[in-house]
Amino acid sequence: MDPVAALEEIAFLLERDRASSFKSKAFRRAADVIGAYSAEELAARVRDGRLKRTKGIGDTTYTVIAEAVGGEVPAYLAELRARTGPAIAPAKDGLRARLHGDLHAHSDWSDGTTTIATMARAAALVGLEYLVLSDHSPSLRVANGLTAERLLEQLDVLDELNASGAAGDIRVLSGIEVDILLDGALDQTPEMLARVDVIVASVHSKLRMESREMTARMLRAIAHPQTNVLGHCTGRLVEGSRGTRPQSTFDARAVFAACAEHDVAVEINSRPERQDPPDELIQLALEAGCRFTIDSDAHAPGHFSFLDLGAARAEANGVPADRIVTTWPAERLLEWAQSKG
């Protein structure tokens, strides 16, 4: 078995299983180290013990590499596959199979764990045709949000990535998950908001704000002419390592009526710990005539598998595929998104 593929599959499965990011990073770091060696040099380094003394290679990753170089499926990988299932292949039927893209994912430019190219290749692996890179905006300092200068630099990186084909058979679109500030303004300069393809607007602070104030805050952001998506609208957490958090309170009917009026898609956030919006709010958004987007909110490559959960929730709530913008091909998605500006 190819040792780099073995290490990357292990990292993917750990991320999908929401294991500690330190574990998955160790396997991805080892994959980066040995990716610089030819197959012959790697085998020689395993034989003479040099690999074991190489920075970035630990006992577990060394064992995985040695077993793969020896032609075996590494025992660590075999155990993971048996426990969690094999790495995800593109869906063949149902709503999940109709998803062409994902409008909400993060890289190591903000609080994601891997490079843009690695995230893009993982999105292609699960059958997506396009990915919107939506790293955080500057006020979210805990997530290393992008200043206007860093975002401008990232746009150049995306252009080069798409031109070189380094991301594989997928198109990477520019975007940002922009924080909705306390007064409802969007946390990025007007110039940069005009430069990106897709804008996901989300509340990340003061989640327990009084309902009337939160409603006004959200309505102003939704009415912004360049807002495309209302991200994880309640901010709730229902499980996971961060514990639980109640949903924000706001006038959902008013918020979803505004989304319908301004053609802002309501995000069905696929992360298991979020499952946001709750089912009853998905129903309200449906009744209001809203469009939707099913997004992974991926912070690591294995998180793209969460799209299965988002699609299943949309199906269970009777959301028609033609109301979900991520079922559209890239050109239609871009035409819709850019018509807002």
Side-chain angles (χ1 to χ4, degrees), residues 1-84 86-88 105-126 131 133 135 143-144 150 153-154 156-158 160-170 172 298-305:
M1 183 175 188
D2 178 71
V4 171
L7 292 165
E8 290 185 340
E9 184 178 350
I10 288 169
F12 185 97
L13 292 175
L14 289 170
E15 290 156 355
R16 185 181 70 181
D17 203 36
R18 292 185 286 165
S20 163
S21 63
F22 294 107
K23 285 186 177 181
S24 59
K25 285 179 179 179
F27 287 97
R28 291 197 182 278
R29 183 166 58 250
D32 289 341
V33 170
I34 68 171
Y37 303 140
S38 66
E40 294 76 17
E41 183 178 2
L42 180 61
R45 286 174 175 268
V46 170
R47 282 195 305 271
D48 64 20
R50 279 180 294 162
L51 188 68
K52 203 165 189 176
R53 300 189 297 273
T54 301
K55 185 177 179 180
I57 304 297
D59 291 343
T60 303
T61 53
Y62 173 80
T63 300
V64 167
I65 296 164
E67 290 173 349
V69 166
E72 306 172 32
V73 174
Y76 193 100
L77 175 55
E79 187 276 330
L80 265 182
R81 286 174 173 175
R83 180 166 56 84
T84 69
I88 287 181
H106 301 273
S107 74
D108 59 3
W109 281 64
S110 64
D111 61 343
T113 63
T114 65
T115 65
I116 299 169
T118 300
M119 292 296 286
R121 289 193 295 269
L125 179 68
V126 300
L131 173 67
L133 182 67
D135 280 317
N144 193 28
R150 290 181 65 218
E153 182 183 350
Q154 187 181 80
D156 290 337
V157 171
L158 293 185
E160 182 179 344
L161 188 68
N162 284 315
S164 68
D169 190 23
I170 191 169
V172 185
H299 286 65
H303 295 170
F304 289 111
S305 61

How close do Ile170 and Ala124 get, counting heavy atoms only, and between which atoms? CD1-N, 3.7 Å
Does Tyr76 have any ring pair (Phe, Tyr, Trp, His ring centres under 6.0 Å) partners at least two apart in sequence or in another chain, and if so, which? Phe27
Criterion side chain to side chain contact (heavy atoms under 4.5 Å, CB included) on Ser305 and Val126, from CA distance to verdict: CA-CA 7 Å; Ser305 61; Val126 300; 5.6 Å; no
Please walk me through it: do Leu133 and Met119 pass side chain to side chain contact (heavy atoms under 4.5 Å, CB included)? CA-CA 9 Å; Leu133 182 67; Met119 292 296 286; 5.7 Å; no
Taking every non-hydrogen atom, the tightest pair across Gly56 and Val33: CA-CG2, 4.4 Å
Tabulate below the donor-acceptor pairs under 3.5 Å that side-chain atoms of residues 1-14 make, not counting sequence neighbours, or state none.
| unit_1 | atom_1 | unit_2 | atom_2 | d |
| --- | --- | --- | --- | --- |
| Asp2 | OD2 | Val4 | N | 3.3 |
| Asp2 | OD2 | Ala5 | N | 2.8 |
| Glu9 | OE1 | Arg81 | NH2 | 2.8 |
| Glu9 | OE2 | Arg81 | NE | 2.9 |
| Glu9 | OE2 | Arg81 | NH2 | 3.3 |

Is there a side-chain contact between Leu77 and Val64 in this structure, where contact means two heavy atoms from C-beta onward sitting under 4.5 Å apart? no
Those residues at least two apart in sequence (or on a different chain) that pass side chain to side chain contact (heavy atoms under 4.5 Å, CB included) with Thr115 are Asp108, Ala117, Thr118
For Ser24, what residues pass the side-chain hydrogen bond (donor to acceptor under 3.5 Å, both in side chains) criterion, not counting sequence neighbours? none
Nearest 0.5 Å please: distance from the CG atom of Asp169 over to the CG atom of Leu125. 12.0 Å
Tell me, do His299 and Ser21 make a side-chain contact under 4.5 Å, heavy atoms counted? no
Side chain to side chain donor-acceptor pair (under 3.5 Å) pairs, two or more places apart, involving residues 52-75: none
Just by distance, do the side chain of Asn144 and the backbone of Trp109 share a donor-acceptor pair under 3.5 Å? yes
With sequence neighbours left out, what residues match Thr114 under side-chain hydrogen bond (donor to acceptor under 3.5 Å, both in side chains)? none
From Glu15 atom CD to Lys23 atom NZ, the distance as rounded to the nearest 0.5 Å: 13.0 Å
Sequence neighbours left out, what passes salt bridge (Lys or Arg N to Asp or Glu O under 4.0 Å) with Arg18? Give chain and number order. Glu239, Glu273
Report the residues that fulfil side-chain hydrogen bond (donor to acceptor under 3.5 Å, both in side chains) with Arg83, sequence neighbours left out, ordered by chain and then residue number. Asp17, Glu79
Rounded to the nearest 0.5 Å, what's the gap from CG on Leu51 to CD1 on Ile65? Could you check? 5.0 Å
Just how far is it from atom CZ of Arg121 to atom CD1 of Ile116, taken to the nearest 0.5 Å? 11.5 Å
With sequence neighbours excluded, what pairs up with His303 under the side-chain hydrogen bond (donor to acceptor under 3.5 Å, both in side chains) test? Arg271
Excluding sequence neighbours, so at least two apart, what forms side chain to side chain contact (heavy atoms under 4.5 Å, CB included) with Ala44? Arg47, Arg50
Any pair counted as salt bridge (charged side-chain N to carboxylate O under 4.0 Å, His left out), so long as it reaches residues 29-46, sequence neighbours left out: Glu41-Arg45
